[in-house]
Amino acid sequence: MFKNLVIFRLGGAAAPALSELQAGVARATFLPCAPTQALSMGWTPPRGEAHAPLVEVIDGQWLLALRFEHKLLPASVVRDHAEALAARLEADTGRRPGKRQMRALKEQASFELLPQAFTKQATVRGWIDPKARRLMLDAGSTARVDATLTALADAWPGLAPQALNTVLSPAVAMADWLRSGEPPRGFSVDRDCELKAADESRAVVRYTRHTLDPADCQRHLDQGLLPTRLALTWNDRVSFVLTESLQLKRVDLLDVVLEARGSDDGYDANAALVTGELRRLLPDLLDALGGEAELAAAA
């Protein structure tokens with residue numbers, strides 16, 4: 001259900017209000033692209049069923065989904081069509097179009113081709129923990145995260161998500177764990193890691209399904225490389241890859257969790273299971289990084 005997590009803290013003085021979120025997303029439901037529309041996005045039922053709620057409330061957690069649809073127009077197809085338009089114009093006028101006119105012809109070509117273009121859809125899943133005042137987005141790209149935050153701000157101006165900052169940066173903490181060979185309590189280091197140099201050399205070392213030897217890691221750290229990704233397992237229940245920007249990638253519930261679920265694999269059971277495990281994992285991970293910087297400063 002959630003394979004990648006980008007985490008935000010909810011700002012604002014007031015507690016999150018479910019009714020405001022429900023009303024806001026209802027004003028921007030998803031509609032497929034019109035014939036000459038290149039991109040469309042809007043809120044869709046996270047359950048994936050028509051007429052289901054746009055905000056699902058399961059075990060106190062709020063789940064939602066933003067769908068994107070865009071037309072696929074290969075640059076080569078647009079270029080060829082623009083060239084055909086240019087050739088037709090040259091035949092009519094006796095003059096080859098200049099650069100400015102060619103730009104206009106490419107825009108015309110795109111507009112004319114859009115109704116015939118194939119479409120591609122993608123969905124960003126969102127999860128709000130109102131009690132912990134956190135927003136989590138399952139998105140693999142910065143562009144999709146930014147677009148989803150913008151859509152949320154339009155739907156609910158009072159949301160005010162803020163980037164989550166910890167006392168220890170993930171890169172520094174991961175370097176300490178690799179150097180000592182001692183991950184934080186409740187966590188184990190797995191066999192995937194990426195280290196990068198911050199200088200102009202841009203050196204990169206990647207381990208894939210390879211045991212991480214502390215002495216070997218120490219050598220790379222001494223050379224100025226810092227970990228940007230590190231595979232971890234929490235309490236033998238959830239595996240994930242922690243990044244230098246505090247994102248969780250390749251989130252996966254392990255067999256001990258799935259076996260305890262039993263035969264109920266419906267949407268509600270899965271949502272409760274996944275969010276329940278991650279709600280326990282996240283505080284432990286933040287503690288391992290020294291806690292949230294803003295909360296520590298306030299204390």
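Reckoned from all heavy atoms, side chains included, excluding hydrogens, waters and symmetry mates.
The minimum heavy-atom distance linking Pro214 with Gly181 is given by the pair CG-CA, 4.2 Å. What you find for Pro227 and Ala175 is that their closest heavy atoms are CG-N, 3.4 Å. Residues Ser188 and Pro183 come closest through the heavy atom pair CA-CG, 4.0 Å. Smallest separation of non-hydrogen atoms from Ala139 and Val6: O-CG2, 4.0 Å. Taking each heavy atom of Pro46 and Leu54 in turn, the nearest pair found is CD-O, 3.5 Å. In terms of heavy atoms, Leu73 sits closest to Ala117 at CD2-CB, 4.0 Å.
Between Leu64 atom CG and Leu66 atom CG the span is 8.0 Å, to the nearest 0.5 Å. In this structure, CG in Leu39 is found 7.5 Å from CZ in Phe68, a value given to the nearest 0.5 Å. We find the CG-CG distance between Leu248 and Asp138 to be 11.0 Å, quoted to the nearest 0.5 Å. Interatomic distance, CH2 of Trp127 versus CG of Leu5, reported as 6.5 Å (0.5 Å rounding). Residue Leu137 holds its CG atom at 12.5 Å from CZ of Arg125, rounded to the nearest 0.5 Å. With values rounded to the nearest 0.5 angstrom, Leu178 atom CG is found 6.5 Å from Leu212 atom CG.
Looking only at side-chain heavy atoms (C-beta outward), Glu107 and Leu105 stay at 4.5 Å or farther from each other. For the pair Leu18 and Ile128, the minimum side-chain heavy-atom distance is 4.5 Å or more. Looking at heavy atoms from C-beta onward, Leu242 lies in side-chain contact with Trp177 at the 4.5 angstrom threshold. You'll find the side chain of Leu278 stays beyond 4.5 Å of the side chain of Met136, heavy atoms only. Side-chain contact between Leu114 and Pro35 is absent, with no heavy atoms from C-beta onward closer than 4.5 Å. Thr275 places a side-chain heavy atom less than 4.5 Å from the side chain of Leu63. Side-chain atoms of Val274 and Phe2, non-hydrogen and from C-beta on, do get closer than 4.5 Å to each other. Residues Leu221 and Leu195 are in side-chain contact: their nearest non-hydrogen atoms beyond the backbone lie under 4.5 Å apart.
No continuous path of ILVMFWY side-chain contacts below 4.5 Å connects Val241 to Val189, so the two sit in separate hydrophobic clusters. Val256 and Leu273 fall within the same hydrophobic cluster, where Ile, Leu, Val, Met, Phe, Trp and Tyr residues are linked whenever their side-chain heavy atoms come under 4.5 Å apart, directly or through other members. Note on Leu135 and Val57: same hydrophobic cluster, where clusters join Ile, Leu, Val, Met, Phe, Trp and Tyr whose side-chain heavy atoms are under 4.5 Å apart, directly or indirectly. Put simply, Val257 and Phe240 are part of the same group of oily side chains (I, L, V, M, F, W, Y) that touch within less than 4.5 Å, one to the next. In terms of hydrophobic clustering, with Ile, Leu, Val, Met, Phe, Trp and Tyr side chains grouped at heavy-atom distances under 4.5 Å, Leu282 and Leu230 are assigned to a common cluster.
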Side-chain donor/acceptor pairs under 3.5 Å, residues 146-154, sequence neighbours excluded:
unit_1: Thr148; atom_1: OG1; unit_2: Arg144; atom_2: O; d: 2.8
unit_1: Thr150; atom_1: OG1; unit_2: Asp146; atom_2: O; d: 3.0

Under 3.5 Å, sequence neighbours excluded: what are the donor-acceptor pairs made by side chains of residues 79-87?
unit_1: His81; atom_1: NE2; unit_2: Glu112; atom_2: OE1; d: 2.7
unit_1: Glu83; atom_1: OE1; unit_2: Arg96; atom_2: NH2; d: 2.9

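Taking the side chain to side chain donor-acceptor pair (under 3.5 Å) definition, one finds that Thr243 meets it with Ser245, sequence neighbours left out. The side chain to side chain donor-acceptor pair (under 3.5 Å) test applied to Thr228 returns Glu194, not counting sequence neighbours. Under the rule for a side-chain contact (heavy atoms from CB on, under 4.5 Å), the partners of Asp252 that lie at least two apart in sequence or sit in another chain are Lys3, Ser239. A search for side-chain contact (heavy atoms from CB on, under 4.5 Å) contacts involving Ala132 returns Asp129, Arg134, not counting sequence neighbours. Looking at residues two or more places apart in sequence or on another chain, you find no side chain to side chain donor-acceptor pair (under 3.5 Å) involving Gln101.
Of the possible donor and acceptor atoms, none in the side chain of Thr123 sits under 3.5 Å from a partner among the backbone N and O of Ala65.
Applying the salt bridge (charged side-chain N to carboxylate O under 4.0 Å, His left out) test to pairs two or more places apart or on separate chains, those with a residue in residues 58-72 are Asp59-Arg279. Applying the salt bridge (charged side-chain N to carboxylate O under 4.0 Å, His left out) test to residues at least two apart or on different chains, the pairs with a partner in residues 30-47 are Arg47-Glu56, Arg47-Asp268. Residue pairs that meet the ring-ring contact (aromatic ring centres under 6.0 Å, His included) test with at least one member in residues 27-52, sequence neighbours left out, do not exist here. Among pairs with a residue in residues 240-249, none fulfils salt bridge (charged side-chain N to carboxylate O under 4.0 Å, His left out), at least two apart in sequence or across chains. For residues 219-238, the pairs satisfying salt bridge (charged side-chain N to carboxylate O under 4.0 Å, His left out) are Asp216-Arg219, Arg237-Glu277, with sequence neighbours left out.
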Could you walk me through whether Lys196 and Arg202 satisfy the side chain to side chain contact (heavy atoms under 4.5 Å, CB included) test, starting with their C-alpha distance in whole Å, then the side-chain angles of each, then the deciding distance to 0.1 Å, before giving a yes or no?
CA-CA 7 Å; Lys196 287 184 178 180; Arg202 298 183 180 178; over 6 Å; no
Could you walk me through whether Leu164 and Leu286 pass the side chain to side chain contact (heavy atoms under 4.5 Å, CB included) test, one step at a time?
CA-CA 10 Å; Leu164 200 64; Leu286 295 176; 3.8 Å; yes
Taking it one step at a time, do Asp213 and Tyr207 satisfy side chain to side chain contact (heavy atoms under 4.5 Å, CB included)?
CA-CA 11 Å; Asp213 178 65; Tyr207 294 87; over 6 Å; no
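Between Trp62 and Trp156, the two ring planes are tilted [angle within 30° to 60°].
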